[in-house]
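Here is the structure we will look at.
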Amino acid sequence: MNDLRWIDVLLVEDDPGDVLLTREAFELNKVRNKLHVVNDGEQAMAFLRKEGEYADVPRPDLILLDLNLPRKDGREVLQDIKGDEKLRGIPVVVLTTSESEEDILRSYHLHANAYVSKPVDFDQFISVVRRIDDFFVTVVKLPSSDQHY
């Protein structure tokens, strides 16, 4: 099946090590998708709303969201995304170190599409990112970036 399209992925992550690991996972997996990175919740919302320096960025097809962010918490970002008619259709995968049952329940209550705990082991982390990519690129049908309501 060769009809796979490239997708834009927004990584919302404040830990430079995790950003690097995610970039490496994309490269090792030969992922063709474009990875955009912002480091806090306020930047995430500015990116998604195409404000300021983000005026010309593409609409992401998928968001990888850490919960523990500076300036605006990931839970607030998730609530803002899913509460915004123009953004709510973008799939959000919570990718975080938290294994708290409260965080898991709250994330799904706020309509996260998936909740994934980040493994600390490099190989397992690479494997998790690869599986997320495989699922959202080869299994799930995503609407075109320019087709949103």
Side-chain angles (χ1 to χ4, degrees), residues 4-84 86-100 103-104 106-108 110-148:
L4 299 179
R5 67 181 179 93
W6 293 41
I7 67 169
D8 285 286
V9 178
L10 176 61
L11 174 63
V12 186
E13 175 60 68
D14 65 316
D15 183 321
D18 287 347
V19 170
L20 183 62
L21 282 176
T22 305
R23 283 192 193 282
E24 288 183 19
F26 270 58
E27 289 169 15
L28 286 173
N29 198 30
K30 307 282 190 269
V31 173
R32 301 179 313 170
N33 302 327
K34 175 74 174 143
L35 184 65
H36 307 271
V37 180
V38 294
N39 304 115
D40 66 49
E42 287 184 7
Q43 288 178 354
M45 294 314 300
F47 186 103
L48 291 167
R49 292 182 174 140
K50 298 179 178 250
E51 298 170 344
E53 68 182 283
Y54 303 109
D56 296 322
V57 297
R59 174 186 166 93
D61 299 290
L62 175 65
I63 300 167
L64 302 179
L65 176 66
D66 187 24
L67 290 182
N68 303 309
L69 298 168
R71 297 177 64 200
K72 184 173 199 137
D73 184 81
R75 296 156 193 85
E76 294 172 281
V77 172
L78 180 58
Q79 184 170 358
D80 287 354
I81 292 168
K82 295 304 182 177
D84 186 316
K86 294 178 181 171
L87 302 175
R88 74 171 54 124
I90 303 171
V92 178
V93 174
V94 173
L95 183 60
T96 187
T97 53
S98 174
E99 293 187 25
S100 153
D103 282 340
I104 296 167
R106 183 160 181 217
S107 295
Y108 283 119
L110 292 171
H111 305 288
N113 297 82
Y115 189 101
V116 179
S117 293
K118 287 184 211 170
V120 290
D121 176 76
F122 174 77
D123 291 331
Q124 288 179 350
F125 188 93
I126 298 294
S127 177
V128 163
V129 172
R130 185 176 296 148
R131 286 186 199 149
I132 291 169
D133 177 70
D134 286 345
F135 182 71
F136 280 96
V137 175
T138 62
V139 178
V140 173
K141 284 287 191 198
L142 296 173
S144 298
S145 298
D146 55 352
Q147 301 295 316
H148 56 276

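Residues: numbered from 1 along the sequence shown. Keep in mind the model is a prediction, meaning the values are calculated, not measured. Excluded from the calculations below are hydrogen atoms, water molecules and symmetry mates; all remaining heavy atoms, backbone and side chain alike, are included.
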> Who are the salt bridge (Lys or Arg N to Asp or Glu O under 4.0 Å) partners of D14, not counting sequence neighbours?
Replying inline: none
Tell me the closest heavy-atom pair linking [X] and [Y], and the distance in Å.
{"X": "L10", "Y": "A44", "result": "CD2-O, 4.5 Å"}
{"X": "E99", "Y": "S117", "result": "CG-OG, 3.3 Å"}
{"X": "P91", "Y": "N113", "result": "CA-OD1, 3.2 Å"}
{"X": "V12", "Y": "D40", "result": "CG1-O, 3.9 Å"}
{"X": "P60", "Y": "I90", "result": "O-CG2, 3.6 Å"}

> Quick one: side chain to side chain donor-acceptor pair (under 3.5 Å) partners of D80, sequence neighbours excluded?
Replying inline: K72
> By ring-ring contact (aromatic ring centres under 6.0 Å, His included), which residues pair with H36, not counting sequence neighbours?
Replying inline: F47
Distance from [X] atom [atom1] to [Y] atom [atom2], nearest 0.5 Å?
{"X": "L64", "Y": "I132", "atom1": "CG", "atom2": "CD1", "result": "5.5 Å"}
{"X": "L95", "Y": "T22", "atom1": "CG", "atom2": "OG1", "result": "6.0 Å"}
{"X": "R75", "Y": "R106", "atom1": "CZ", "atom2": "CZ", "result": "6.5 Å"}
{"X": "R59", "Y": "R49", "atom1": "CZ", "atom2": "CZ", "result": "12.5 Å"}

Is there a side-chain contact between [X] and [Y] (heavy atoms, below 4.5 Å)?
{"X": "V120", "Y": "F125", "answer": "no"}
{"X": "V37", "Y": "R23", "answer": "yes"}
{"X": "V93", "Y": "L62", "answer": "yes"}
{"X": "K82", "Y": "V77", "answer": "no"}
{"X": "K34", "Y": "I7", "answer": "no"}
{"X": "L69", "Y": "E42", "answer": "no"}
{"X": "I63", "Y": "L78", "answer": "no"}

> Which ring pair (Phe, Tyr, Trp, His ring centres under 6.0 Å) pairs, counting each pair once, include a residue from residues 58-81, with sequence neighbours left out?
Replying inline: none
> Knowing that exactly one of D103, V116, L67, I104 qualifies, which makes a side-chain contact (heavy atoms from CB on, under 4.5 Å) with V94?
Replying inline: L67
> Which residue pairs pass the salt bridge (charged side-chain N to carboxylate O under 4.0 Å, His left out) test with at least one member in residues 114-129, sequence neighbours excluded?
Replying inline: E13-K118, D18-K118, D66-K118
> Taking the side chain from D61 and the backbone from D8, do they hold a donor-acceptor pair closer than 3.5 Å?
Replying inline: yes
>> Is it the case that the side chain of Y108 and the backbone of Y115 share a donor-acceptor pair, with hydrogens and angles ignored and the cut-off at 3.5 Å?
In response: yes
>> Going by the rule side-chain contact (heavy atoms from CB on, under 4.5 Å), which residues pair with S127 if we only count those two or more places apart in sequence or in a different chain?
In response: R131
> Under 4.0 Å between a Lys/Arg side-chain N and an Asp/Glu carboxylate O for D84 and K86?
Replying inline: no
> Does the pair E24 and F122 meet the rule for a side-chain contact (heavy atoms from CB on, under 4.5 Å), with working shown?
Replying inline: CA-CA 10 Å; E24 288 183 19; F122 174 77; 3.3 Å; yes
